[in-house]
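A quick write-up on the structure given underneath.
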Amino acid sequence: MMSHPEACTVLTRMEASLHHTRHNLYELERSLRDRAETETIDSRPKTRRYNCRMSNWTGLDEEIYLQILDRLTDNAAADLDRLRRKIERQDAAIETLRKKYRVNAGRPVFTPL
C-alpha cells in the first residue's frame, strides 16, 4: 500500500500521461479536419474573388468538406477508437486511485493549446 505522498506522485504522473493521450487525440482530429479542408479547397478552385470580407466557402463546399471528413474519419476510425478507449481506461484508473487514497485535490482541465 502506498503512502499519501506516493499516491499523489503517481497521480501526477498518471494525469500527465492522460494529458498526453488527450493531446494526441486532439492533434489527430485536428489533422483530419485540416486535411479535409485542404482537399476541399483543392477539389473546388475558385475563379473569382468577390470581396475581401466575404467568404468564398459555399454550401456545396461545406457538403464536400463533410463528405471528405467522414471518409478520412472512417479511415482513421481504428486509431481514434484506440485513443478514446485509452483515455477512458486512464481516466477510470485515476478516479479509482483518487477514491482509494482519498485525494480530493482538483483535477487539471485539459486545454489543447
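All figures in this text were calculated on a predicted structure; none of them were measured in a lab. FYI, side chains are in, hydrogens and waters are out, and symmetry mates aren't considered; it's all heavy atoms of this structure.
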Gap between atom [atom2] of [Y] and atom [atom1] of [X] - 0.5 Å precision:
| X | Y | atom1 | atom2 | answer |
| --- | --- | --- | --- | --- |
| Ile41 | Ile64 | CD1 | CD1 | 12.0 Å |
| Glu27 | Leu83 | CD | CG | 11.5 Å |
| Lys100 | Met2 | NZ | CE | 6.5 Å |
| Glu15 | Leu18 | CD | CG | 6.0 Å |

Open item on the list: Quick check against the 3.5 Å criterion: does Ser17 have a side-chain atom that pairs as donor or acceptor with the backbone of Arg13?
Closed with: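 Judged by distance alone, no pair lies under 3.5 Å.
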
Set of residues satisfying side chain to side chain contact (heavy atoms under 4.5 Å, CB included) with respect to [X], sequence neighbours excluded:
| X | answer |
| --- | --- |
| Lys86 | Thr21, Arg89, Gln90 |
| Thr58 | Arg44, Lys46, Leu60, Asp61 |
| Arg102 | none |

Open item on the list: List the residues meeting side-chain hydrogen bond (donor to acceptor under 3.5 Å, both in side chains) with Glu37, not counting sequence neighbours, and say none if there are none.
Closed with: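 side-chain hydrogen bond (donor to acceptor under 3.5 Å, both in side chains) list for Glu37, sorted by chain: empty.
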
Open item on the list: Please enumerate all residues that pass side-chain hydrogen bond (donor to acceptor under 3.5 Å, both in side chains) together with Arg33, with sequence neighbours excluded.
Closed with: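 Testing Arg33 for side-chain hydrogen bond (donor to acceptor under 3.5 Å, both in side chains), a comparison that skips the adjacent residues, returns none.
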
Task: Contact list for residues 92-112, test ring pair (Phe, Tyr, Trp, His ring centres under 6.0 Å), sequence neighbours left out - done: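 Matches after skipping sequence neighbours: His19-Phe110.
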
- [ ] Using the ring pair (Phe, Tyr, Trp, His ring centres under 6.0 Å) rule, collect all pairs that involve residues 57-82, keeping only residues at least two apart or in two chains.
- [x]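 For residues 57-82: none.
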
Open item on the list: Check this for me, if you would: do Arg84 and Glu29 make a salt bridge, where the nitrogen-to-carboxylate-oxygen distance has to be below 4.0 angstrom?
Closed with: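 Glu29 and Arg84: salt-bridged.
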
Open item on the list: Could you check whether Glu88 pairs with Arg85 (Lys NZ or Arg NE/NH1/NH2 to Asp/Glu carboxylate O, under 4.0 Å)?
Closed with: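 No, this pair does not count.
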
TODO: Assess whether side-chain contact (heavy atoms from CB on, under 4.5 Å) is satisfied between Ile94 and Lys99, documenting all intermediate values.
DONE: CA-CA 9 Å; Ile94 289 170; Lys99 286 179 185 175; over 6 Å; no

Would you please name every residue forming a salt bridge (charged side-chain N to carboxylate O under 4.0 Å, His left out) with [X], sequence neighbours left out?
| X | value |
| --- | --- |
| Asp42 | none |
| Glu62 | none |
| Glu6 | none |
| Glu63 | none |

Looking at every heavy atom in both [X] and [Y], which two are closest together, and how far apart are they?
| X | Y | answer |
| --- | --- | --- |
| Pro112 | His23 | O-ND1, 3.8 Å |
| Cys8 | Val103 | SG-CG2, 4.4 Å |
| Leu72 | Ala36 | CD1-N, 3.7 Å |

TODO: For residues Leu25 and Arg82, determine if any side-chain heavy atom of one lies less than 4.5 Å from a side-chain heavy atom of the other.
DONE: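 When only atoms from C-beta onward are counted, Arg82 and Leu25 do not touch, as no gap falls below 4.5 Å.
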
- [ ] Apply the side-chain contact (heavy atoms from CB on, under 4.5 Å) test between Met14 and each candidate in Thr9, Leu97, Asp91; give the one that qualifies.
- [x]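 Looking at Thr9, Leu97, Asp91, the match for Met14 under the side-chain contact (heavy atoms from CB on, under 4.5 Å) is Leu97.
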
- [ ] Please collect all side-chain hydrogen bond (donor to acceptor under 3.5 Å, both in side chains) contacts where either partner lies in residues 70-79, sequence neighbours excluded, each pair once.
- [x]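 For residues 70-79, and leaving out neighbouring residues, the side-chain hydrogen bond (donor to acceptor under 3.5 Å, both in side chains) pairs sorted by first residue read Glu39-Arg71.
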
